[in-house]
Trainee: 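Before I ask anything, here is the structure I am working with.
Note that the structure is a prediction, hence the values are computed from the model and not measured. If you read the sequence from its start, that first residue is 1, and numbering goes on from there. Keep in mind that the numbers below use all heavy atoms, side chains included, and drop hydrogens, waters and symmetry copies.
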Amino acid sequence: MLRSRAPMFCNRTVGLCLPIRDFCRTPLLVSVLQERKRLGCLGPRSEISRVLPGFMRRISSQSNEKFASASANASSPMSALLSDAEILPGRSDDHGGVVVEINGAPMSSDSFLSLLRPSISKWRQQGKRGVWLKLPIEHANLVQPAVEEGFWYHHAEPSYLMLVYWIPSSKNTLPVNATHRVGVGAFVINQKREVLAVQEKSGKLSGSGYWKLPTGVIEHGEDIFAGAVREVKEETGIDAEFVEVLAFRQSHMAFFDKSDLFFVCLMNPLSFDIQKQESEIEAAQWMPIEEFASQPIVHKHELLKYIVEVGLARFEKCFCGFSPLSIRSVFSNRQSSLYLNTEYLNSRSS
């Protein structure tokens, strides 16, 4: 009795011959078909016939040398193809993901997709989890095709947009974007028990006649103590020395729904002649602490009330705040600052 022979996939270049049913089960083809199905572009019967010729051409283009070492088992040639496929360049992160930075000449959406889709297929087979796609502003045309492939916005900076993609079917565990903005308030007090006070040209207290402390937002990569020194200098022209963090406040749903950390910093003045910032400051002066504390706004708002109380307590040596200690950690060799009560540590060591 004659039996029909199963259709075979053969490549004379590398001496590979597999039944079509086995070829269609190889990891590379399966992963691509799954990806196309997920993207909604999988045809029910014609998809394999559309994909197969491209795979045959790719196999024919491989060198005998690459396949010689991979011919120990039937699935090795497909793994070799997967590793040599044209994909987006990326680097592994510390949490099982991959980071891709698009650089160089402009790229069309079609060219980008021809690299992105096989890349995701390969990363899926490798067990990668999250994909971080950094698109410089010059490549803004690639945002839409990336989103259409399942990426979503993570965060943006002036020069780039970061998009992310979660490969596994498990729950997404990618960290969210930065959640807090960091601000500082400077409690600058001289030996006459006068605090440096300002009135701003804009903001909630503008035109109210109330006096407040110099405040501002920490810049990118700036230390808290450095930001406090800078803000005092910018707003009043006073050179000041950072002493310690007296207290900090955390609030939520502040600037564009972000949380806010506000650090109250004790400062020693190194100069005394005020030169106010014309663009932002309406007036600036050295003000007796009792006069500053007597303002109705201080009694109405607990934040200002406690700042005055803790500032005076520190001035009278009844309170110790947190001073920066330069350290390195096991996670990074870069210098960082640990804020702690150094007076207590010094007293114990002595």
Trainee: How many angstroms lie between atom CD1 of Ile137 and atom OG of Ser159, to the nearest 0.5 angstrom?
Mentor: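 Reported to 0.5 Å precision, the distance equals 8.0 Å.
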Trainee: Do we see a donor-acceptor contact under 3.5 Å between the side chains of Ser111 and Ser108?
Mentor: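 Indeed, the side chains of Ser111 and Ser108 share at least one donor-acceptor pair under 3.5 Å.
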Trainee: Report the distance from atom OG of Ser329 to atom CD of Gln335, rounding to the nearest 0.5 Å.
Mentor: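 So the gap between those two atoms works out to 10.0 Å.
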Trainee: Determine which pairs satisfy salt bridge (charged side-chain N to carboxylate O under 4.0 Å, His left out) with at least one residue from residues 195-204, sequence neighbours left out, and list them in order.
Mentor: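 Qualifying pairs: Glu200-Lys212.
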Trainee: Taking atom CG of Leu135 and atom CZ of Phe151, what is their separation to the nearest 0.5 Å?
Mentor: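 Nearest 0.5 Å value for the CG-CZ distance: 8.5 Å.
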Trainee: State which residues pass side-chain contact (heavy atoms from CB on, under 4.5 Å) with Ile218; sequence neighbours excluded, sorted by chain then number.
Mentor: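 Checked Ile218 against side-chain contact (heavy atoms from CB on, under 4.5 Å); matches are Val182, Val184, Glu222.
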Trainee: Show me the pairs that pass salt bridge (charged side-chain N to carboxylate O under 4.0 Å, His left out) and involve residues 284-302, at least two apart or across chains.
Mentor: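 Residue pairs passing salt bridge (charged side-chain N to carboxylate O under 4.0 Å, His left out), neighbours aside: Arg193-Glu290.
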Trainee: Can you tell me how far OG of Ser121 sits from CD1 of Ile167, rounded to the nearest 0.5 angstrom?
Mentor: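 These two atoms lie 9.0 Å from each other.
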Trainee: Mind checking what makes side chain to side chain donor-acceptor pair (under 3.5 Å) contact with Asp223, not counting sequence neighbours?
Mentor: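 Per chain and number, Asp223 pairs via side chain to side chain donor-acceptor pair (under 3.5 Å) with no residue.
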Trainee: Side-chain atoms of residues 88-100: list all donor-acceptor pairs with protein atoms under 3.5 Å, sequence neighbours left out, distances to 0.1 Å.
Mentor:
unit_1: Ser92; atom_1: OG; unit_2: Lys128; atom_2: NZ; d: 2.7
unit_1: Asp93; atom_1: OD1; unit_2: His95; atom_2: N; d: 2.9
unit_1: Asp93; atom_1: OD1; unit_2: Gly96; atom_2: N; d: 3.2
unit_1: Asp93; atom_1: OD1; unit_2: Gly97; atom_2: N; d: 2.6

Trainee: Can you list the residues that meet the side chain to side chain donor-acceptor pair (under 3.5 Å) rule with Thr179, with sequence neighbours excluded?
Mentor: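 Residues passing side chain to side chain donor-acceptor pair (under 3.5 Å) with Thr179: none at all.
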Trainee: Run the side chain to side chain donor-acceptor pair (under 3.5 Å) test against Ser271 and tell me which residues pass, sequence neighbours left out.
Mentor: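 Result, side chain to side chain donor-acceptor pair (under 3.5 Å) vs Ser271: none returned.
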Trainee: Listed by chain and number, what are the side-chain contact (heavy atoms from CB on, under 4.5 Å) partners of Leu266, not counting sequence neighbours?
Mentor: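 Partners of Leu266 by the side-chain contact (heavy atoms from CB on, under 4.5 Å) criterion, ordered by chain and then number, come out as Phe187, Ile189, Val243, Glu244, Leu246, Arg314.
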Trainee: For Tyr210, give me all partners under ring pair (Phe, Tyr, Trp, His ring centres under 6.0 Å), at least two apart in sequence or on another chain.
Mentor: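 Here no residue qualifies.
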Trainee: Which heavy-atom pair separates Ala146 from Leu133 by the least distance, and what is that distance?
Mentor: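 Closest heavy-atom pair between Ala146 and Leu133: CB-CD2, 3.9 Å.
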Trainee: Applying side-chain contact (heavy atoms from CB on, under 4.5 Å), name anything that partners Leu174, two or more places apart in sequence or on another chain.
Mentor: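 Listed in chain order: Trp132, Trp152, Val164, Trp166, Asn172.
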Trainee: A quick test of your reading: do over 12 heavy atoms of other residues, nucleotides or ligands sit less than 6.0 Å from CZ of Phe272?
Mentor: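 Counting neighbours around CZ of Phe272, more than 12 heavy atoms of other residues, nucleotides or ligands fall under 6.0 Å, so yes.
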Trainee: Can you tell me how far CD of Gln199 sits from OG of Ser208, rounded to the nearest 0.5 angstrom?
Mentor: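 Those atoms lie 7.0 Å apart.
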Trainee: Have Arg129 and Thr173 got a donor and an acceptor in their side chains that come within less than 3.5 Å?
Mentor: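 Judged by distance alone, the side chains do pair up.
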Trainee: Quick one: list whatever passes side-chain contact (heavy atoms from CB on, under 4.5 Å) with His155, sequence neighbours left out.
Mentor: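 Glu157, Tyr160, Met162, Asn177.
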Trainee: Scan the side chains in residues 249-263 for donor-acceptor partners under 3.5 Å anywhere in the protein, sequence neighbours excluded, and list what turns up.
Mentor:
unit_1: Arg249; atom_1: NH2; unit_2: Asp260; atom_2: OD2; d: 2.8
unit_1: Gln250; atom_1: NE2; unit_2: His180; atom_2: NE2; d: 2.9
unit_1: His252; atom_1: ND1; unit_2: Ser259; atom_2: OG; d: 2.7
unit_1: Lys258; atom_1: NZ; unit_2: Ala178; atom_2: O; d: 2.9

